[in-house]
Amino acid sequence: MTKSLHVLGGGGFIGGNLVACLRDQGHHVTIGTRPSTTQQPEDFAEIVASNDWVIHAASASTPSSSAAAPLVELEMNLRTTLCLVQALQAAPKCGVIYLSSSGTLYSEVSDGQAAELDPVAPRTYHGAGKLASEQFLRALSIQCGNPVISVRPSNVYGPGQRARRGFGIIPTAFERCRDGQPLTIWGDGSNVRDYLYVDDLSDLLARMIRGERPEGYEVINAASGTGHSLLELVAAIEVVTRRKLDIRFQPPRTVDARRILPSSLYAAGKYDWRATTPLAAGLKKAWTWHLENVPD
C-alpha cells in the first residue's frame, strides 16, 4: 500500500538513500531540511497532519563535533526533535521512525551481541542526545498514542557517504588512500565494530513502513551481524582500493568502547530482515562511488 512519508534529513547520506528506496517502491515522499536553531513546532504542523510516517534521519552533529560542547546537541539536534514531538501531539495517527545509534548507546559487551533490552551507557554528548531523543519520543507515544520506532543502526556506510571530521572511518580511509596522508587510529586497532551497508538499512526501514504499525513504542537494532576489528577493516579497504594506508596509532580514548556488536535477531523475526551485503562487496561499491564523486 502506498504511504505518504516525510524524511527529515532526506538530503543526507542515509536519508538520501532511503528516499530513493521509498520512491522506487511507489511511496509519496517529501524531504525535510537539516536541523535548525530557529525551528518551531509550527514548522512541523502540516507535515505531521498530512503524512503516515515521519522518518527522522536528521543530525547536525557527530561524537567529535559536540565533544566538550554539550549545548551543540541541545541547539542542533534536540531542538528539532522536541519541536517535532510537540507538533505530533496534535497528530496521534502519524508514526515516527527515529534513526538513533547502537555504537554510541550500548554498554561494552565482552562477548555476544547487544540486544534491544540490554543496558545503555552513552559515552559522548552525541550519544546522550540520541538517548534523550528516544526518551522524549517514548513519552510522546505513551501520552498520545503515536506509533514510534527507534532504530539503532550499527556503523552505516556506502555510496553517498562523505568524510566528516572525526566521523566515518570508511570514507576517511578512502580519502587517505587517495591523498597518501596518514590515517589515525586511536588505540591498537583491535576495537571491534559492526558495519552495515546503507541499502540494507533502507530495506529494513521500508519493511517497517510496509508492515503492521506498532502499538506504542519499539526499539529495533539494525546490524550486519558480523564484527570486524579496525585493523581487519583497514586490510579490507586496502584490498578493495589496491592501495596501502599509512597508519598512525594514537593512545586510546575513553569514549571508544573495545567491542560493540548489536544483535538484529528481533528485526529478523519481526520483519524477516537480514543484511545481505558482505563487507567486501559494500566497500567495493562505496569506493567506486567515492572515485566518481569526490574530487582529489
Side-chain angles (χ1 to χ4, degrees), residues 7-10 12-15 18 32 34-37 39 54-86 88 95-109 113-142 146 148-157 161 164-169 193-196 198 201 204-205 208 217-223 253-257 260-264 266-267:
V7 180
L8 187 59
F13 161 53
I14 293 177
L18 177 60
R34 294 184 65 182
S36 166
T37 57
Q39 281 179 330
V54 172
I55 299 96
H56 186 348
S59 179
S61 72
T62 67
S64 295
S65 68
S66 63
L71 282 175
V72 169
E73 293 300 326
L74 171 64
E75 295 164 353
M76 300 306 297
N77 289 328
L78 282 173
R79 179 177 184 83
T80 296
T81 300
L82 296 183
C83 287
L84 176 62
V85 166
Q86 188 159 324
L88 283 162
V96 182
I97 296 175
Y98 174 62
L99 269 293
S100 186
S101 169
S102 63
T104 63
L105 292 190
Y106 285 118
S107 300
E108 186 169 337
V109 179
Q113 296 179 317
E116 288 82 355
L117 296 180
D118 284 344
V120 292
R123 298 167 186 78
T124 63
Y125 297 134
H126 180 75
K130 289 286 190 183
L131 183 57
S133 290
E134 285 191 10
Q135 295 306 311
F136 275 106
L137 287 163
R138 179 194 294 272
L140 166 75
S141 183
I142 292 171
N146 302 71
V148 177
I149 307 173
S150 286
V151 181
R152 294 176 179 170
S154 59
N155 296 271
V156 184
Y157 74 99
Q161 185 181 33
R164 299 169 67 182
R165 185 176 181 180
F167 186 74
I169 180 65
R193 296 291 185 272
D194 180 285
Y195 298 92
L196 178 65
V198 65
L201 175 59
L204 173 60
L205 300 177
M208 292 177 178
Y217 179 85
E218 285 191 331
V219 175
I220 296 180
N221 289 340
R253 302 176 296 186
T254 57
V255 297
D256 294 327
I260 297 290
L261 288 179
S263 168
S264 290
Y266 184 57

| To the nearest 0.5 Å, how far apart are OG in Ser107 and CG in Asp118? | 8.0 Å
| field | Contacts of Ser263 that satisfy side-chain hydrogen bond (donor to acceptor under 3.5 Å, both in side chains) - sequence neighbours left out | value | none
| task | Hey, could you give me the OG/CG distance between Ser59 and Leu99, rounded to the nearest 0.5 Å? | result | 10.0 Å
| request: Would you please name every residue forming a ring-ring contact (aromatic ring centres under 6.0 Å, His included) with Tyr157, sequence neighbours left out? | output: Tyr197
| query | Taking only residues two or more places apart in sequence, or in another chain, which ones meet Ser141 in a side chain to side chain contact (heavy atoms under 4.5 Å, CB included)? | reply | Val148, Tyr217
| request: Would you check if Ile169 and Tyr195 make a side-chain contact, meaning some heavy-atom pair closer than 4.5 Å? | output: yes
| message | One pair to check against side chain to side chain donor-acceptor pair (under 3.5 Å): Ser150 and Glu134. What are the steps and the verdict? | response | CA-CA 6 Å; Ser150 286; Glu134 285 191 10; 4.5 Å; no
| Of all residues at least two apart in sequence or in a different chain, which pass the side-chain hydrogen bond (donor to acceptor under 3.5 Å, both in side chains) check with Tyr125? | none
| said: Using the rule given for side-chain contact (heavy atoms from CB on, under 4.5 Å), can you reason through Thr81 versus Asn77, listing the C-alpha separation, both sets of side-chain angles and the distance that settles it, and then say yes or no? | reply: CA-CA 7 Å; Thr81 300; Asn77 289 328; 5.7 Å; no
| said: Going by the rule ring-ring contact (aromatic ring centres under 6.0 Å, His included), which residues pair with His56 if we only count those two or more places apart in sequence or in a different chain? | reply: Tyr98
| query | Taking only residues two or more places apart in sequence or in another chain, which ones pass side-chain hydrogen bond (donor to acceptor under 3.5 Å, both in side chains) with Asp256? | reply | Arg253
| message | Going by salt bridge (charged side-chain N to carboxylate O under 4.0 Å, His left out), name the residues that satisfy it together with Glu75, two or more places apart in sequence or in a different chain. | response | none
| said: If the condition is side-chain hydrogen bond (donor to acceptor under 3.5 Å, both in side chains), which residues does Ser101 pass it with, not counting sequence neighbours? | reply: Thr104
| task | Decide yes or no on side-chain contact (heavy atoms from CB on, under 4.5 Å) for Val151 and Leu205, but give the supporting numbers first. | result | CA-CA 9 Å; Val151 181; Leu205 300 177; 3.9 Å; yes
| field | Spacing of CG belonging to Leu8 relative to OG1 belonging to Thr80, to within rounding of 0.5 Å | value | 6.5 Å
| query | Do side-chain atoms of Ser133 reach the backbone of Gly129 as a donor and acceptor pair under 3.5 angstrom? | reply | yes
| task | Walk me through it: do Lys130 and Gln135 pass the test side-chain contact (heavy atoms from CB on, under 4.5 Å)? | result | CA-CA 9 Å; Lys130 289 286 190 183; Gln135 295 306 311; over 6 Å; no
| field | salt bridge (charged side-chain N to carboxylate O under 4.0 Å, His left out) involving Glu116 - partner list, sequence neighbours excluded | value | none
| note | Arg79 meets the side chain to side chain contact (heavy atoms under 4.5 Å, CB included) criterion, sequence neighbours left out, with Gln40, Cys83
| query | Hey, is CG on Leu71 packed in by over 12 heavy atoms from elsewhere, all under 6.0 Å? | reply | yes
| said: Show every ring-ring contact (aromatic ring centres under 6.0 Å, His included) that has at least one partner inside residues 58-84, sequence neighbours left out. | reply: none
| What's the verdict on side-chain contact (heavy atoms from CB on, under 4.5 Å) for Val96 and Ile149, showing C-alpha distance, side-chain angles and the deciding distance? | CA-CA 6 Å; Val96 182; Ile149 307 173; over 6 Å; no
| query | Among all residues two or more places apart in sequence or in another chain, which pass the salt bridge (charged side-chain N to carboxylate O under 4.0 Å, His left out) test with Arg193? | reply | none
